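Heads up: the structure comes next, in structure tokens.
A quick note: this is a predicted structure, and the numbers were derived from the prediction, not measured. Atoms within each ligand, like the ligands themselves, are counted from 1 in listed order.
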Amino acid sequence: MGEGGEPIRKVVIVGGGTAGWMTAAALARMLGRSGLSITLVESAAIGTVGVGEATLPQIRSFNRLLGIDEREMMARTAATIKLGIEFRDWGRAGDRYVHPFGTYGEAIGPADFIHYWARANGSGEAAPIGEYSLPIVAAWQERFEPPREGDERQPYDYAFQFDAGLYAAWLAELAQAAGVVRREGRIVDVRRDGTSGDIAAVVLESGEEIAGDLFVDCSGFRALLIGETLDAPFEDWSRWLPCNRAFAVPCANGGEHGPYTRATARGAGWQWRIPLQHRVGNGLVYCDAFWDDHAARDVLMANLEGEARGEPRKLRFTTGRRQSLWRGNCVAIGLSGGFLEPLESTSIDLIQSGILNLIDLFPGAGIEDSDRREYDRLMALEFERIRDFLVLHYVANQREEEFWRAMRAMPIPDSLAEKIEDFRARAILPDYAHGLFQPVSWIAVLLGQNILPQGWDPRVEAMDGDELGEGLAQIRSRIAREAAAMPDHRDFLRASGASFVGQEARA
Ligand SMILES: Cc1cc2nc3c(=O)[nH]c(=O)nc-3n(C[C@H](O)[C@H](O)[C@H](O)COP(=O)(O)OP(=O)(O)OC[C@H]3O[C@@H](n4cnc5c(N)ncnc54)[C@H](O)[C@@H]3O)c2cc1C
């Protein structure tokens with residue numbers, strides 16, 4: 001079974017959604033040559049969740065790990081570029097800010113840029129923070145150019161908006177070429193070892209058993225192994241993130257091709273807009289205690305920029321995570337392990353972290369408790385830090401609808417309350433060694449939601465007011481110049497092999 005000193009020879013991955021095939025492709029690439037056998041079981045009759053189109057820049061390093069050529073990936077998955085997420089109407093109606101994949105400003109003294117900006121803003125002499133960020137200015141001008149080697153511009157990164165189904169299908173090809181065996185069939189039973197309680201085999205409808213030493217549960221919200229079989233408790237975070245429903249529908253592009261995802265606040269939730277090369281993905285995430293399905297569906301359909309492609313699909317979810325993601329000889333990756341609503345496009349990234357942590361801790365001579373503990377510790381940090389960041393978007397709102405008033409009034413995790421207080425008092429920001437969302441992300445959302453620092457690093461006061469104004473103005477005009485010099489996002493896509501950009505506007 002691989003427990004207590006026996007080597008892991010056979011891995012069985014249950015599920016062939018994005019999580020399953022990302023796991024299969026990465027394990028085959030990183031560990032396949034060590035003689036590990038990898039089998040993936042999926043059921044076409046059950047299908048996949050079928051949403052999840054916006055990613056984070058970390059996916060680029062995952063692609064590199066798999067030897068995937070970015071240009072080819074973009075062509076095969078109808079991908080567009082994402083420089084960040086634009087939030088509309090999240091503070092007050094009419095507000096607009098971008099959480100960028102890049103920094104703000106540049107060093108103009110010994111303190112971090114945010115402190116200089118905070119002082120200038122306090123005296124009404126700073127432009128909105130977004131104007132000091134190259135990816136934001138480029139995104140709003142619908143321009144993009146990849147960062148270059150030796151780039152002297154402000155550092156930035158990018159992610160993709162793609163058809164996740166096509167991405168998973170491509171990874172399935174790569175994984176199978178690297179030796180992964182794909183089995184089609186519905187799992188109807190799970191056999192467990194009588195002594196250890198570990199999973200010994202999954203049983204298909206045909207009666208066939210697929211045995212393994214280590215099982216990766218990628219069965220989606222069903223959580224077939226980690227939940228149904230091993231009963232790992234689910235930690236429900238609905239008290240902080242109460243949205244629990246979504247409708248999703250693609251539509252034709254109305255003519256906007258900005259390289260960013262958009263999240264617009266609505267009466268009892270929010271709506272996403274994710275532009276791909278040939279269509280736009282849309283969805284409305286909402287809380288059923290404040291809106292019924294009809295109301296939510298109507299809001300979504302009334303706010304599409306082009307003709308809908310089919311009927312909206314309804315999805316249900318509960319925000320939270322399994323308290324333990326590695327139980328016995330089973331590791332949960334993807335939706336089986338937990339779900340945080342897609343406000344910051346974190347699910348695929350969590351899958352990636354789950355895979356990389358599993359590879360780092362992959363049990364050579366058998367599974368040890370220390371492997372499980374460390375895996376759970378690392379994944380708990382990831383989940384909790386994302387959770388706090390998501391809650392921030394909701395709690396710091398100034399909207400008047402009942403849902404938003406309730407979100408403002410809810411008790412929040414202490415860890416988040418402290419972060420808000422630290423920023424308000426003195427522009428202090430969280431800085432993690434592990435986990436997503438570094439200081440720049442917090443700056444974007446804290447300021448975007450109208451939480452302004454009342455104090456700053458005292459070293460800032462040493463700078464003369466004119467000098468500060470001049471320094472800020474120079475950064476701002478340099479960024480405007482550099483963004484304007486970038487190619488149009490559509491031209492960049494065309495040059496990368498996309499042939500159908502722009503057709504949608506006419507469709
Ligand atoms: C509303 C919404 C919006 C989202 N937006 C984003 C986004 O923008 N960005 C992002 O990163 N993520 C997003 N996600 C999350 C993303 O969709 C998922 O994280 C991702 O698709 C991974 O899903 P999965 O592979 O874990 O599960 P699934 O796609 O559900 O796959 C489950 C697999 O298990 C198999 N299976 C299940 N039961 C059995 C059985 N009994 N026998 C055999 N096989 C079985 C199924 O056939 C399937 O292959 C979103 C999710 C939701 C709900």
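- A donor-acceptor contact closer than 3.5 angstrom links the side chains of E344 and H99.
- For ligand 1, the polar-atom distance check finds an N/O of G16 within less than 3.5 Å of one of the ligand's N/O atoms.
- Contact between W21 and ligand 1 is absent, with no heavy atom of the residue lying under 4.0 Å from the ligand.
- Short contacts between ligand 1 and I351, defined as distances under 4.0 Å to a heavy atom of the residue, involve ligand atoms 19 (O), 22 (C).
- At a 3.5 angstrom cut-off on N or O pairs, L315 does not count as close to ligand 1.
- Not a single heavy atom of T55 sits under 4.0 Å from any atom of ligand 1.
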- Message: Please evaluate residues T261 and Q161 with respect to the criterion side chain to side chain donor-acceptor pair (under 3.5 Å), reporting the C-alpha separation (whole Å), side-chain torsions for both, the decisive distance (0.1 Å), and the verdict.
- Response: CA-CA 8 Å; T261 293; Q161 298 156 140; 2.6 Å; yes
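- Remark: R60 is positioned above the aromatic ring of Y158, its terminal NZ or CZ atom under 6.0 angstrom from the ring centre and at most 45 degrees off the axis.
- The nearest non-hydrogen atom to atom 42 (N) of ligand 1, considering only I187, T48, V14, comes from I187.
- Partner W326 forms a ring-ring contact (aromatic ring centres under 6.0 Å, His included) with one of F215, Y375, F362 and no other, that one being Y375.
- In terms of protein heavy-atom proximity, atom 38 (N) of ligand 1 is nearest to R222 CD, 3.4 Å.
- Contact annotation for P342 and ligand 1: only side-chain heavy atoms (C-beta onward) come within less than 4.0 Å of the ligand.
- Residues D292 and D288 fail the side-chain proximity criterion, which asks for heavy atoms closer than 4.5 Å.
- Ligand 1 has G185 within reach: a non-hydrogen atom of the residue lies less than 4.0 Å from it.
- Checked for salt-bridge contact, D163 and R279 meet the test: a charged N lies under 4.0 Å from a carboxylate O.
- Nearest to atom 1 (C) of ligand 1 by heavy atom, out of W272, F221, F162, F247, is W272.
- Annotation: cation-pi geometry satisfied between R96 and W140 (NZ/CZ under 6.0 angstrom from ring centroid, within 45° of ring axis).
- Remark: R88 engages E86 in a salt bridge, criterion side-chain N to carboxylate O under 4.0 Å.
- Note: an N/O pair closer than 3.5 Å links A19 and ligand 1 by distance alone.
- Per-residue contacts place A246 under 4.0 angstrom from the following atoms of ligand 1 (heavy atoms of the residue considered): 1 (C).
- Under 4.0 Å is where a charged nitrogen must lie from a carboxylate oxygen, and between R192 and D198 no such pair does.
- Atom 37 (C) of ligand 1 has as its closest protein heavy atom S219 O, 3.5 Å.
- Looking at D89 and T264, their side chains never bring a donor and an acceptor atom within 3.5 Å of each other.
- Contact of the F247 side chain with the D298 side chain is not registered, since no non-hydrogen atoms from C-beta on lie closer than 4.5 Å.
- Considering backbone and side-chain atoms together, S43 places an N or O closer than 3.5 Å to an N or O of ligand 1.
- Distances shorter than 4.0 angstrom do not occur between any heavy atom of G283 and any atom of ligand 1.
- Per-residue contacts place G334 under 4.0 angstrom from the following atoms of ligand 1 (heavy atoms of the residue considered): 26 (O).
- If you number the atoms of ligand 1 from 1 as listed, the ones under 4.0 Å from a heavy atom of G17 come out as 25 (O), 29 (O), 31 (O), 33 (C), 49 (O).
- The nearest protein atom to atom 45 (C) of ligand 1, hydrogens excluded, is given as I46 CD1, 3.9 Å; this is a heavy-atom distance.
- The protein heavy-atom contact nearest to atom 6 (C) of ligand 1 is G52 CA, 3.2 Å.
- If you check which protein heavy atom lies closest to atom 27 (O) of ligand 1, you get G220 CA, 3.3 Å.
- Scanning all protein heavy atoms for the shortest distance to atom 12 (N) of ligand 1 gives S347 CB, 3.2 Å.
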- What's the verdict on side chain to side chain donor-acceptor pair (under 3.5 Å) for T80 and Q277, showing C-alpha distance, side-chain angles and the deciding distance? CA-CA 6 Å; T80 58; Q277 289 177 8; over 6 Å; no
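- Listed by number with element, the atoms of ligand 1 under 4.0 angstrom from any heavy atom of E53 are 7 (C), 8 (O).
- Close approach to L224 involves these atoms of ligand 1, each under 4.0 Å from a residue heavy atom: 40 (C), 41 (N).
- Selection from I59, L40, D217, V49 by nearest heavy atom to atom 29 (O) of ligand 1 gives V49.
- In terms of polar-atom proximity, defined here as any N/O pair under 3.5 Å, A54 does make such a contact with ligand 1.
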- Check step by step if side chain to side chain donor-acceptor pair (under 3.5 Å) holds for D236 and T318. CA-CA 7 Å; D236 185 333; T318 306; 5.4 Å; no
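- Polar contact with ligand 1: present for V51 (N/O pair, distance under 3.5 Å).
- At under 3.5 Å, a nitrogen or oxygen of L335, whether backbone or side chain, sits near a nitrogen or oxygen of ligand 1.
- The ring-ring contact (aromatic ring centres under 6.0 Å, His included) test with Y394 singles out one residue from W240, W90, W270, and that residue is W90.
- The nearest non-hydrogen atom to atom 32 (C) of ligand 1, considering only G15, C218, A168, comes from C218.
- For G47, the heavy-atom gap to ligand 1 drops under 4.0 angstrom.
- In this structure, the side chain of R29 engages the main chain of L65 through a donor-acceptor pair within 3.5 Å.
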